[in-house]
Protein chains: 2
Amino acid sequence: MARRKQRDDEAAFLAAYAPGKFPRPSVTVDLVVLTILDGVLSILLVARGEHPFKGRWALPGGFVRVGEGPKDQGEDLYDAALRELREETGLPAGAALLEQLGAFGRPNRDPRTRVISVAYHALVRPTLVPHVSGGGDAAGARWFPVVERPPLAFDHDEIVERALARVRGDLEGTSVAFALVPETFTIAELRTVHEVILGTTLDPGNFRRRFLRMLDDGVLEPARGKRATASKPAQVYRFVDRR
Amino acid sequence: MARRKQRDDEAAFLAAYAPGKFPRPSVTVDLVVLTILDGVLSILLVARGEHPFKGRWALPGGFVRVGEGPKDQGEDLYDAALRELREETGLPAGAALLEQLGAFGRPNRDPRTRVISVAYHALVRPTLVPHVSGGGDAAGARWFPVVERPPLAFDHDEIVERALARVRGDLEGTSVAFALVPETFTIAELRTVHEVILGTTLDPGNFRRRFLRMLDDGVLEPARGKRATASKPAQVYRFVDRR
DNA sequence: TCAAAAGTGTTTCTCGTACACCCATGT
DNA sequence: ACATGGGTGTACGAGAAACACTTTTGA
């Protein structure tokens with residue numbers, strides 16, 4: 001039958017297919033890992049131990065694992081990003097909000113060979129940050145305030161700029177802010193996250209109202225306990241994730 | 001000097017660098033080419049002449065040109081997208097609003113070998129569409145209404161869905177709508193674009209007011225002439241691009 | 001003269017912004 | 001007792017939404 005014919009046809013084609021006739025690029029994932037330390041938006045950078053850009057700071061990242069043939073095709077891009085995050089920071093999967101920023105593939109962005117990088121941004125809870133320094137591969141990794149970060153290797157400055165613009169844009173409408181706050185948090189803590197990302201100050205009263213609207217939308221729920229502050233203790237809340 | 005030493009060091013490293021120790025993926029660009037035909041949001045698809053997915057419809061696209069060594073590293077991703085657009089549609093550069101959607105790299109999305117695709121969406125003025133059919137490589141290219149498009153090859157259905165979501169999201173706040181309208185246009189024509197993309201109907205009066213606000217923001221300017229309609233002729237406007 | 005679409009007016013509601021103010025608590 | 005920050009009230013303006021209405025043209 002035609003159906004059977006079609007299958008054999010395709011199988012024959014696949015067997016005859018010779019990969020690698022054309023040169024291929026290397027593909028990496030690079031991570032823009034962000035958190036808030038002492039009320040300052042901060043980024044995780046690694047010092048490059050090898051050429052090119054030896055000694056410069058760069059985004060953590062690495063090559064995407066690609067299998068040898070049609071049978072094993074390697075790992076997903078997202079999984080590669082997760083793996084790099086774990087290897088370079090020691091953070092467990094699910095500890096960060098990981099989202100793809102896009103592909104950066106300008107020729108000569110890496111002097112060695114053509115490299116196309118798929119960038120991700122990862123937002124890490126400040127309460128998990130202490131774990132980061134401990135990691136094995138993470139020797140040479142350091143947090144910098146984003147506003148006073150050193151110039152970066154490759155086109156990583158451009159990637160960081162795009163990540164920041166993206167996070168700012170996503171601040172309202174998505175749940176990015178909750179990824180930068182402890183499990184349970186006060187209204188003021190969440191407001192600080194917004195202020196730090198936007199680089200402005202927000203009216204506490206007005207922010208509170210927006211916040212409470214989320215509450216009866218079911219995005220948030222009150223949690224037990226209060227947070228001790230410099231003055232009157234504040235109610236703590238929890239983000240309810242319904243994906 | 002240390003400076004001189006550093007340069008020689010790096011040059012030596014580059015010379016010694018042996019590329020291709022690890023398997024590399026193929027990288028393609030795929031295009032979600034959209035326009036509005038007869039008031040219907042439409043997408044350009046090509047019939048696949050070869051395996052895999054022979055006979056299925058797919059997004060236009062092709063391999064990114066990658067050079068042989070460090071000296072020639074090939075073309076930029078954006079340029080590759082432009083080139084494909086030209087080759088497959090005959091559209092000149094600048095005829096379409098071309099923006100990157102992201103990278104799609106699930107293993108086994110192509111049965112032959114690991115392929116990572118960088119997707120772009122291209123919004124084409126309906127007045128330019130007649131040129132499209134004429135193109136050389138464009139044999140087998142056809143417009144489909146997006147709502148009744150056939151099932152696509154590879155993971156292209158997913159890419160299209162993401163493109164549509166992106167365009168809908170960008171509709172307000174960016175100038176995507178102006179890319180789907182003739183050089184000069186009436187308020188009703190622009191409204192139709194919004195309605196078609198959002199899949200809703202909009203109040204003519206209210207839309208007009210939003211539109212006029214753009215006018216005194218300087219985003220638009222009145223153009224000479226009127227557009228003949230079924231009834232009272234309408235004023236035409238022009239989009240002023242200040243990038 | 002009639003249908004169709006351009007263009008105007010009006011009302012209501014929601015939301016952002018600004019700002020004044022009260023209240024509870026740790027020091 | 002008092003400063004600090006949590007929490008509340010209010011008033012104004014911009015804009016979204018709904019809808020009734022007038023005007024201008026082609027057929």
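The chains referred to below are lettered A, B, ... by the order of the sequence lines, with proteins before strands, and numbering in each begins at 1.
The backbone N or O of B/Pro150 sits nowhere less than 3.5 Å from a side-chain atom of B/Arg56 that would complete a donor-acceptor pair.
Within the nucleic acid shown, A/Ala228 has no heavy atom closer than 4.0 Å to any nucleic acid atom. Backbone-only engagement by A/Arg191 is indicated by non-hydrogen atom pairs under 4.0 Å involving sugar-phosphate atoms exclusively. B/Pro204 comes within contact range of no nucleotide atom at all, as no heavy-atom separation falls under 4.0 Å.
Note: B/Trp57 and B/Phe144 have perpendicular aromatic rings, judged against thresholds of 30 and 60 degrees for the angle between ring planes. Using cut-offs of 30° and 60° for the angle between ring planes, the A/Tyr78 and A/Tyr120 rings count as perpendicular.
What separates NZ of B/Lys232 from C1' of D/dT24 is a distance of 5 Å, to the nearest Å. In this structure, B/Glu189 atom CD and C/dA5 atom P are separated by 13 Å, rounded to whole Å. The nearest whole Å value for the distance from the CD atom in B/Glu195 to the C1' atom in C/dA5 is 13 Å. Here C/dG16 presents its C1' atom at 15 Å from CG of A/Leu212, a figure rounded to the nearest Å. The CZ atom of A/Arg213 sits 11 Å away from the P atom of C/dT14 (whole-angstrom rounding). In this entry the distance linking CG of A/Asp217 with C1' of C/dT14 reads 13 Å, nearest Å. As a whole-Å value, the separation of B/Arg227 CZ from C/dA6 P is 12 Å. D/dA17 atom C1' lies 15 Å from atom CG of B/Leu198, rounded to whole Å.
Close to C/dT8, at under 4.0 Å from its OP1 or OP2, lies a side-chain N or O of B/Arg208.
For A/Arg209 against D/dG9, a side-chain-to-base donor-acceptor contact under 3.5 Å is present. Between the side chain of B/Asn206 and the base of D/dA18, at least one donor-acceptor pair of N or O atoms lies under 3.5 Å.
Both A/Ser231 and A/Leu202 lie close to DNA chain C; mapped to their nearest nucleotides by heavy-atom distance, the more 5′-ward contact belongs to A/Leu202.
For the pair A/Arg106 and A/Phe104, the cation-pi criterion (under 6.0 Å, within 45° of the ring axis) is not fulfilled.
In this structure, of C/dG7, D/dG6, C/dC19, it is C/dC19 that holds the atom nearest to the side chain of A/Asp203. Taking only side-chain atoms of A/Ala230, from C-beta outward, the nucleotide of D/dG6, D/dT4, D/dT25 with the closest atom is D/dT4. With C/dA4, D/dA16, C/dG26 as the choices, the nucleotide that has an atom nearest any side-chain atom of B/Arg210 turns out to be D/dA16.
The pair B/Glu183-B/Arg238 does not meet the salt-bridge criterion, since no charged nitrogen lies less than 4.0 angstrom from a carboxylate oxygen.
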